[in-house]
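Letters go in sequence order (proteins before strands), and every chain restarts at 1. Only a predicted model underlies this, so the values are computations on that prediction, with no experimental measurement involved.
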Number of protein chains: 2
Amino acid sequence: MTDQKTDSSGRPFVVSYLLYLLAAVSHRASAEFHAHARAAGLRVPEWRVLACLMDEDGAMVTRLARLSLMEQSRLTRIVDHMAERGLVSRRSDPEDRRRVRVFLTETGRDLATGLIADAQAHETQILKDLGGEDAERIKPILEALLAQLDPQDDV
Amino acid sequence: MTDQKTDSSGRPFVVSYLLYLLAAVSHRASAEFHAHARAAGLRVPEWRVLACLMDEDGAMVTRLARLSLMEQSRLTRIVDHMAERGLVSRRSDPEDRRRVRVFLTETGRDLATGLIADAQAHETQILKDLGGEDAERIKPILEALLAQLDPQDDV
DNA sequence: CCCTTTTATATGAAATTTCATGTTAAATCC
DNA sequence: GGATTTAACATGAAATTTCATATAAAAGGG
(Lines give C-alpha, C1' and ligand atoms only; values in the text may rest on other atoms or scores of the structure.)
Protein backbone atom coordinates (compact mmCIF):
# COMPACT_ATOMS: atom_id res chain seq x y z
CA MET A 1 0.00 0.00 0.00
CA THR A 2 1.44 3.31 -1.06
CA ASP A 3 1.24 6.14 1.40
CA GLN A 4 -1.72 8.29 0.58
CA LYS A 5 -0.77 11.87 1.35
CA THR A 6 2.88 12.25 1.84
CA ASP A 7 2.47 15.98 1.63
CA SER A 8 1.36 18.56 4.10
CA SER A 9 -2.19 19.46 2.95
CA GLY A 10 -5.46 17.83 3.92
CA ARG A 11 -6.84 14.59 2.50
CA PRO A 12 -6.15 13.15 -0.92
CA PHE A 13 -7.64 14.95 -3.85
CA VAL A 14 -6.95 13.28 -7.10
CA VAL A 15 -7.87 9.72 -6.22
CA SER A 16 -11.40 10.77 -5.45
CA TYR A 17 -11.77 13.51 -8.03
CA LEU A 18 -14.51 12.69 -10.48
CA LEU A 19 -12.58 13.63 -13.60
CA TYR A 20 -9.61 11.63 -12.41
CA LEU A 21 -11.72 8.59 -11.70
CA LEU A 22 -13.23 8.81 -15.14
CA ALA A 23 -9.85 9.15 -16.80
CA ALA A 24 -8.31 6.40 -14.73
CA VAL A 25 -11.11 3.92 -15.26
CA SER A 26 -11.22 4.70 -18.96
CA HIS A 27 -7.46 4.38 -19.22
CA ARG A 28 -7.15 1.11 -17.34
CA ALA A 29 -10.20 -0.58 -18.75
CA SER A 30 -9.36 0.42 -22.30
CA ALA A 31 -5.77 -0.73 -21.96
CA GLU A 32 -7.00 -4.27 -21.59
CA PHE A 33 -8.85 -4.14 -24.85
CA HIS A 34 -6.31 -2.06 -26.70
CA ALA A 35 -3.77 -4.82 -26.36
CA HIS A 36 -6.26 -7.04 -28.11
CA ALA A 37 -6.91 -4.51 -30.87
CA ARG A 38 -3.20 -4.16 -31.49
CA ALA A 39 -2.84 -7.89 -31.64
CA ALA A 40 -5.46 -7.76 -34.37
CA GLY A 41 -3.24 -5.36 -36.30
CA LEU A 42 -4.93 -2.07 -35.46
CA ARG A 43 -3.56 0.98 -33.79
CA VAL A 44 -5.77 2.27 -31.03
CA PRO A 45 -7.06 5.31 -32.90
CA GLU A 46 -7.84 3.12 -35.87
CA TRP A 47 -9.90 0.79 -33.75
CA ARG A 48 -11.82 3.77 -32.48
CA VAL A 49 -12.54 5.06 -35.93
CA LEU A 50 -13.54 1.65 -37.18
CA ALA A 51 -15.94 1.20 -34.29
CA CYS A 52 -17.47 4.62 -34.90
CA LEU A 53 -17.93 3.85 -38.56
CA MET A 54 -19.83 0.73 -37.67
CA ASP A 55 -22.32 3.06 -36.06
CA GLU A 56 -22.25 5.73 -38.73
CA ASP A 57 -20.80 4.48 -41.92
CA GLY A 58 -20.32 7.30 -44.39
CA ALA A 59 -19.94 9.94 -41.72
CA MET A 60 -18.25 13.11 -42.86
CA VAL A 61 -14.80 13.86 -41.54
CA THR A 62 -15.86 16.48 -39.03
CA ARG A 63 -18.57 14.28 -37.61
CA LEU A 64 -16.31 11.27 -37.45
CA ALA A 65 -13.69 13.26 -35.61
CA ARG A 66 -16.23 14.38 -33.07
CA LEU A 67 -17.60 10.90 -32.59
CA SER A 68 -14.09 9.47 -32.32
CA LEU A 69 -13.15 12.05 -29.73
CA MET A 70 -10.26 13.41 -31.71
CA GLU A 71 -9.21 16.55 -33.44
CA GLN A 72 -10.09 16.88 -37.10
CA SER A 73 -6.61 17.07 -38.57
CA ARG A 74 -5.58 14.06 -36.60
CA LEU A 75 -8.54 12.10 -37.84
CA THR A 76 -7.75 13.11 -41.41
CA ARG A 77 -4.33 11.53 -41.12
CA ILE A 78 -5.63 8.43 -39.43
CA VAL A 79 -8.17 8.01 -42.19
CA ASP A 80 -5.33 8.46 -44.71
CA HIS A 81 -3.58 5.55 -43.14
CA MET A 82 -6.67 3.40 -42.91
CA ALA A 83 -7.49 4.10 -46.53
CA GLU A 84 -3.99 3.01 -47.55
CA ARG A 85 -4.50 -0.16 -45.58
CA GLY A 86 -7.79 -0.71 -47.32
CA LEU A 87 -9.95 -0.46 -44.24
CA VAL A 88 -11.96 2.55 -45.38
CA SER A 89 -12.59 4.55 -48.50
CA ARG A 90 -13.34 8.22 -48.98
CA ARG A 91 -15.99 9.67 -51.24
CA SER A 92 -16.73 13.30 -51.61
CA ASP A 93 -20.35 14.11 -50.97
CA PRO A 94 -22.16 15.12 -54.16
CA GLU A 95 -24.63 17.21 -52.11
CA ASP A 96 -21.83 19.33 -50.71
CA ARG A 97 -18.52 18.92 -52.39
CA ARG A 98 -16.60 20.26 -49.43
CA ARG A 99 -17.57 17.20 -47.49
CA VAL A 100 -15.69 13.94 -47.54
CA ARG A 101 -17.56 10.90 -46.38
CA VAL A 102 -15.72 7.93 -44.97
CA PHE A 103 -16.98 4.43 -45.66
CA LEU A 104 -15.93 1.05 -44.41
CA THR A 105 -14.58 -1.33 -46.98
CA GLU A 106 -15.53 -4.96 -46.85
CA THR A 107 -12.21 -5.67 -45.17
CA GLY A 108 -12.74 -2.90 -42.66
CA ARG A 109 -16.20 -4.08 -41.82
CA ASP A 110 -15.11 -7.65 -41.35
CA LEU A 111 -12.30 -6.65 -39.06
CA ALA A 112 -14.59 -4.40 -37.07
CA THR A 113 -17.27 -7.03 -36.79
CA GLY A 114 -14.91 -9.46 -35.11
CA LEU A 115 -13.47 -6.90 -32.77
CA ILE A 116 -16.85 -5.62 -31.75
CA ALA A 117 -17.87 -9.09 -30.73
CA ASP A 118 -14.72 -9.30 -28.63
CA ALA A 119 -15.37 -5.87 -27.19
CA GLN A 120 -18.85 -6.84 -26.16
CA ALA A 121 -17.59 -9.99 -24.50
CA HIS A 122 -14.98 -7.95 -22.69
CA GLU A 123 -17.60 -5.48 -21.53
CA THR A 124 -19.81 -8.28 -20.32
CA GLN A 125 -16.95 -9.63 -18.26
CA ILE A 126 -16.18 -6.25 -16.76
CA LEU A 127 -19.80 -5.73 -15.79
CA LYS A 128 -20.05 -9.20 -14.38
CA ASP A 129 -16.99 -8.61 -12.21
CA LEU A 130 -18.40 -5.29 -11.11
CA GLY A 131 -21.52 -6.99 -9.92
CA GLY A 132 -25.28 -6.45 -9.73
CA GLU A 133 -26.33 -3.00 -8.64
CA ASP A 134 -23.39 -1.10 -9.96
CA ALA A 135 -23.25 -3.04 -13.19
CA GLU A 136 -26.83 -2.17 -13.93
CA ARG A 137 -26.40 1.50 -13.23
CA ILE A 138 -23.12 2.47 -14.68
CA LYS A 139 -24.04 2.80 -18.33
CA PRO A 140 -27.25 4.74 -17.74
CA ILE A 141 -25.39 7.10 -15.46
CA LEU A 142 -22.64 7.65 -18.00
CA GLU A 143 -25.21 8.20 -20.70
CA ALA A 144 -26.97 10.79 -18.60
CA LEU A 145 -23.70 12.52 -17.89
CA LEU A 146 -22.74 12.52 -21.53
CA ALA A 147 -26.07 13.97 -22.56
CA GLN A 148 -25.63 16.69 -20.02
CA LEU A 149 -22.10 17.49 -21.09
CA ASP A 150 -22.81 17.42 -24.73
CA PRO A 151 -23.84 20.67 -26.26
CA GLN A 152 -24.98 18.82 -29.39
CA ASP A 153 -28.10 16.77 -29.63
CA ASP A 154 -26.22 13.56 -30.24
CA VAL A 155 -23.04 11.88 -29.20
CA MET B 1 -30.22 14.61 -34.72
CA THR B 2 -27.66 12.62 -36.63
CA ASP B 3 -28.79 9.36 -38.13
CA GLN B 4 -27.85 6.55 -35.85
CA LYS B 5 -26.94 3.61 -38.02
CA THR B 6 -26.43 4.60 -41.56
CA ASP B 7 -24.84 1.26 -42.18
CA SER B 8 -26.24 -2.16 -42.77
CA SER B 9 -25.60 -3.99 -39.49
CA GLY B 10 -27.81 -4.16 -36.40
CA ARG B 11 -28.16 -1.47 -33.77
CA PRO B 12 -25.56 1.09 -32.77
CA PHE B 13 -22.56 -0.22 -30.95
CA VAL B 14 -20.18 2.47 -29.94
CA VAL B 15 -22.58 4.93 -28.40
CA SER B 16 -23.60 2.40 -25.81
CA TYR B 17 -20.29 0.60 -25.39
CA LEU B 18 -19.02 0.95 -21.86
CA LEU B 19 -15.45 1.82 -22.78
CA TYR B 20 -16.66 4.39 -25.26
CA LEU B 21 -18.97 5.99 -22.74
CA LEU B 22 -16.14 6.20 -20.26
CA ALA B 23 -13.79 7.73 -22.81
CA ALA B 24 -16.41 10.13 -24.09
CA VAL B 25 -17.52 11.33 -20.69
CA SER B 26 -13.95 11.70 -19.55
CA HIS B 27 -13.04 13.54 -22.72
CA ARG B 28 -15.94 15.95 -22.68
CA ALA B 29 -15.99 16.62 -18.97
CA SER B 30 -12.26 17.13 -18.79
CA ALA B 31 -12.24 19.44 -21.78
CA GLU B 32 -14.23 21.95 -19.78
CA PHE B 33 -11.68 22.05 -17.04
CA HIS B 34 -8.66 21.80 -19.27
CA ALA B 35 -9.52 25.12 -20.84
CA HIS B 36 -9.37 26.56 -17.36
CA ALA B 37 -6.04 24.91 -16.58
CA ARG B 38 -4.57 26.25 -19.78
CA ALA B 39 -5.82 29.69 -18.96
CA ALA B 40 -3.91 29.33 -15.71
CA GLY B 41 -0.76 28.69 -17.73
CA LEU B 42 -0.56 24.92 -17.48
CA ARG B 43 -0.55 22.31 -20.18
CA VAL B 44 -2.98 19.51 -19.54
CA PRO B 45 -0.38 16.88 -18.62
CA GLU B 46 1.23 19.36 -16.26
CA TRP B 47 -2.02 19.93 -14.47
CA ARG B 48 -2.39 16.19 -14.07
CA VAL B 49 1.05 15.81 -12.62
CA LEU B 50 0.59 18.73 -10.29
CA ALA B 51 -2.66 17.32 -9.02
CA CYS B 52 -1.10 13.92 -8.44
CA LEU B 53 1.77 15.47 -6.55
CA MET B 54 -0.67 17.17 -4.24
CA ASP B 55 -1.71 13.67 -3.24
CA GLU B 56 1.73 12.16 -3.18
CA ASP B 57 4.41 14.75 -3.01
CA GLY B 58 7.84 13.22 -3.42
CA ALA B 59 6.58 10.29 -5.45
CA MET B 60 9.22 8.55 -7.52
CA VAL B 61 9.06 8.87 -11.28
CA THR B 62 7.63 5.43 -11.97
CA ARG B 63 4.92 5.86 -9.39
CA LEU B 64 4.06 9.33 -10.56
CA ALA B 65 3.78 8.11 -14.13
CA ARG B 66 1.41 5.38 -13.06
CA LEU B 67 -0.68 7.73 -10.98
CA SER B 68 -0.75 10.30 -13.77
CA LEU B 69 -1.82 7.65 -16.27
CA MET B 70 1.09 8.23 -18.55
CA GLU B 71 4.10 6.40 -19.86
CA GLN B 72 7.30 6.84 -17.89
CA SER B 73 9.44 8.47 -20.54
CA ARG B 74 6.71 10.95 -21.26
CA LEU B 75 6.42 11.81 -17.61
CA THR B 76 10.15 12.30 -17.38
CA ARG B 77 10.01 14.95 -20.08
CA ILE B 78 6.99 16.64 -18.59
CA VAL B 79 8.75 16.80 -15.25
CA ASP B 80 11.76 18.28 -17.05
CA HIS B 81 9.59 21.06 -18.30
CA MET B 82 7.88 21.60 -14.98
CA ALA B 83 11.21 21.74 -13.21
CA GLU B 84 12.44 24.37 -15.65
CA ARG B 85 9.30 26.36 -14.94
CA GLY B 86 9.95 26.05 -11.24
CA LEU B 87 6.83 24.05 -10.44
CA VAL B 88 8.62 20.97 -9.15
CA SER B 89 12.08 19.89 -8.10
CA ARG B 90 13.79 16.53 -8.35
CA ARG B 91 15.82 14.87 -5.67
CA SER B 92 17.43 11.52 -5.94
CA ASP B 93 16.43 9.18 -3.17
CA PRO B 94 19.30 8.51 -0.77
CA GLU B 95 17.81 5.12 0.12
CA ASP B 96 17.97 4.00 -3.48
CA ARG B 97 20.01 6.14 -5.75
CA ARG B 98 18.29 4.88 -8.88
CA ARG B 99 15.13 6.59 -7.75
CA VAL B 100 14.28 10.19 -8.45
CA ARG B 101 11.64 11.76 -6.28
CA VAL B 102 9.59 14.67 -7.52
CA PHE B 103 8.55 17.42 -5.13
CA LEU B 104 6.31 20.40 -5.50
CA THR B 105 7.94 23.77 -5.11
CA GLU B 106 6.16 26.50 -3.24
CA THR B 107 5.11 27.96 -6.58
CA GLY B 108 3.87 24.63 -7.78
CA ARG B 109 1.90 24.01 -4.64
CA ASP B 110 0.30 27.42 -4.72
CA LEU B 111 -0.74 27.00 -8.31
CA ALA B 112 -2.12 23.54 -7.61
CA THR B 113 -4.00 24.69 -4.56
CA GLY B 114 -5.95 27.25 -6.52
CA LEU B 115 -6.72 24.91 -9.37
CA ILE B 116 -7.84 22.15 -7.09
CA ALA B 117 -10.35 24.47 -5.51
CA ASP B 118 -11.63 25.30 -8.97
CA ALA B 119 -11.68 21.63 -9.91
CA GLN B 120 -13.74 20.80 -6.88
CA ALA B 121 -16.19 23.55 -7.65
CA HIS B 122 -16.45 22.28 -11.19
CA GLU B 123 -17.06 18.75 -9.98
CA THR B 124 -19.74 19.97 -7.61
CA GLN B 125 -21.50 21.65 -10.48
CA ILE B 126 -21.33 18.58 -12.69
CA LEU B 127 -22.76 16.41 -9.94
CA LYS B 128 -25.44 18.93 -9.19
CA ASP B 129 -26.49 18.99 -12.84
CA LEU B 130 -26.46 15.23 -12.93
CA GLY B 131 -28.87 15.12 -10.05
CA GLY B 132 -29.61 13.09 -6.92
CA GLU B 133 -29.44 9.34 -7.37
CA ASP B 134 -26.87 9.24 -10.11
CA ALA B 135 -24.73 11.93 -8.54
CA GLU B 136 -24.50 9.95 -5.34
CA ARG B 137 -23.58 6.74 -7.04
CA ILE B 138 -21.19 7.63 -9.77
CA LYS B 139 -18.01 8.05 -7.76
CA PRO B 140 -18.46 4.91 -5.68
CA ILE B 141 -19.15 2.93 -8.81
CA LEU B 142 -16.07 4.29 -10.54
CA GLU B 143 -13.99 3.58 -7.47
CA ALA B 144 -15.23 0.01 -7.39
CA LEU B 145 -14.46 -0.40 -11.05
CA LEU B 146 -11.02 1.04 -10.65
CA ALA B 147 -10.25 -1.24 -7.74
CA GLN B 148 -11.34 -4.17 -9.81
CA LEU B 149 -9.29 -3.15 -12.81
CA ASP B 150 -6.24 -2.30 -10.90
CA PRO B 151 -3.81 -5.12 -10.40
CA GLN B 152 -2.00 -3.04 -7.80
CA ASP B 153 -3.26 -2.43 -4.32
CA ASP B 154 -3.57 1.30 -4.84
CA VAL B 155 -4.50 3.74 -7.54
C1' DC C 1 32.55 -11.10 -3.25
C1' DC C 2 31.86 -11.43 -8.23
C1' DC C 3 28.57 -12.27 -11.70
C1' DT C 4 23.93 -12.04 -13.43
C1' DT C 5 19.50 -10.22 -13.27
C1' DT C 6 16.26 -6.83 -12.25
C1' DT C 7 14.73 -2.13 -11.39
C1' DA C 8 14.67 3.05 -12.10
C1' DT C 9 15.30 6.71 -15.01
C1' DA C 10 16.84 9.12 -19.13
C1' DT C 11 17.38 9.76 -23.96
C1' DG C 12 17.89 9.34 -29.30
C1' DA C 13 15.28 8.80 -33.18
C1' DA C 14 11.08 7.83 -35.39
C1' DA C 15 6.31 8.51 -35.40
C1' DT C 16 2.35 10.93 -34.18
C1' DT C 17 -0.18 14.97 -32.79
C1' DT C 18 -1.15 19.78 -32.60
C1' DC C 19 -1.73 24.41 -34.23
C1' DA C 20 -2.27 27.56 -37.53
C1' DT C 21 -3.48 28.27 -41.96
C1' DG C 22 -4.37 27.30 -46.99
C1' DT C 23 -7.78 25.84 -50.34
C1' DT C 24 -12.14 24.98 -52.09
C1' DA C 25 -17.01 25.09 -51.87
C1' DA C 26 -21.38 26.56 -49.94
C1' DA C 27 -24.19 30.06 -47.77
C1' DT C 28 -25.43 34.72 -46.86
C1' DC C 29 -26.03 39.50 -47.83
C1' DC C 30 -26.75 43.57 -50.67
C1' DG D 1 -25.33 37.50 -59.10
C1' DG D 2 -20.93 39.39 -57.25
C1' DA D 3 -18.80 40.06 -52.87
C1' DT D 4 -18.23 38.43 -48.27
C1' DT D 5 -18.54 35.22 -44.72
C1' DT D 6 -18.64 30.68 -43.13
C1' DA D 7 -17.78 25.70 -43.31
C1' DA D 8 -15.14 21.40 -44.52
C1' DC D 9 -11.01 19.33 -45.16
C1' DA D 10 -5.98 19.04 -45.88
C1' DT D 11 -1.35 20.14 -44.86
C1' DG D 12 3.36 22.27 -43.33
C1' DA D 13 6.01 22.86 -39.51
C1' DA D 14 6.67 22.68 -34.72
C1' DA D 15 5.93 20.16 -30.67
C1' DT D 16 4.98 16.14 -28.25
C1' DT D 17 4.83 11.21 -27.67
C1' DT D 18 6.35 6.57 -28.29
C1' DC D 19 9.55 2.80 -28.59
C1' DA D 20 13.61 0.83 -27.88
C1' DT D 21 17.56 1.05 -25.47
C1' DA D 22 21.45 3.02 -22.73
C1' DT D 23 23.10 3.90 -18.14
C1' DA D 24 23.39 3.29 -13.39
C1' DA D 25 22.23 1.22 -9.14
C1' DA D 26 20.31 -2.40 -6.29
C1' DA D 27 19.25 -7.40 -5.62
C1' DG D 28 20.14 -12.19 -5.97
C1' DG D 29 22.98 -16.34 -6.61
C1' DG D 30 26.59 -19.32 -5.73
### Task
Determine whether the side chains of A:T76 and A:Q72 contain a donor N or O and an acceptor N or O closer than 3.5 Å.
yes

Taking the inter-plane angle between the rings of A:Y17 and B:W47 on a 0 to 90° scale, is it parallel (under 30°), tilted (30 to 60°) or perpendicular (over 60°)?
perpendicular

Value for CD (A:E106) from OG (A:S89), rounded to nearest 0.5 Å, stands at 11.5 Å

d(A:R77 CZ, A:H81 NE2) to nearest 0.5 Å is 13.5 Å

Checking all strands, does [X] fall into the base, sugar-phosphate, or nothing category for heavy-atom contacts under 4.0 angstrom?
| X | value |
| --- | --- |
| B:S73 | base |
| A:M60 | sugar-phosphate |
| A:R101 | nothing |

Tell me the closest heavy-atom pair linking [X] and [Y], and the distance in Å.
| X | Y | answer |
| --- | --- | --- |
| B:L111 | B:A40 | CD1-O, 4.2 Å |
| A:L142 | B:V25 | O-CG2, 3.5 Å |
| A:P140 | A:E136 | CD-O, 3.4 Å |
| A:S68 | A:L75 | OG-CD1, 4.5 Å |

Looking at A:T76, does any N or O in its side chain come under 4.0 Å of the phosphate oxygens OP1/OP2 on D:dA10? yes

Q.
So, does B:R43 get its side chain near the phosphate of D:dT16, meaning an N or O under 4.0 Å from OP1 or OP2?
A. yes

By nearest-heavy-atom nucleotide on DNA chain D, the more 5' of A:R38 and B:H81 is B:H81

Item to complete: Is it possible for you to say whether A:F13 and B:L42 belong to one hydrophobic cluster, with membership spreading through side-chain heavy-atom contacts below 4.5 Å?
Response: yes

Please determine whether residues B:L50 and B:F103 belong to a single hydrophobic cluster, defined as Ile, Leu, Val, Met, Phe, Trp and Tyr linked transitively by side-chain heavy-atom distances below 4.5 Å.
no

Pairs under 3.5 Å (N/O, protein and nucleotides 21-23 of chain D):
none

Verdict with supporting geometry, B:L64 and B:C52, side-chain contact (heavy atoms from CB on, under 4.5 Å):
CA-CA 7 Å; B:L64 190 55; B:C52 290; 3.8 Å; yes

Here the distance between atom C1' of C:dT9 and atom CZ of B:R91, to the nearest Å, is 17 Å

B:R74 atom CZ is separated from C:dT11 atom P, nearest whole Å, by 18 Å

Per-nucleotide protein contact along nucleotides 22-29 of chain C, 5' to 3', at a 4.0 Å heavy-atom cut-off (B base, S sugar-phosphate only, - neither), is ---BS---

As a check of understanding: the bend across the helix from C:dC1-D:dG30 to C:dC30-D:dG1, end axes from five pairs, rounded to 10 degrees, works out to 30°

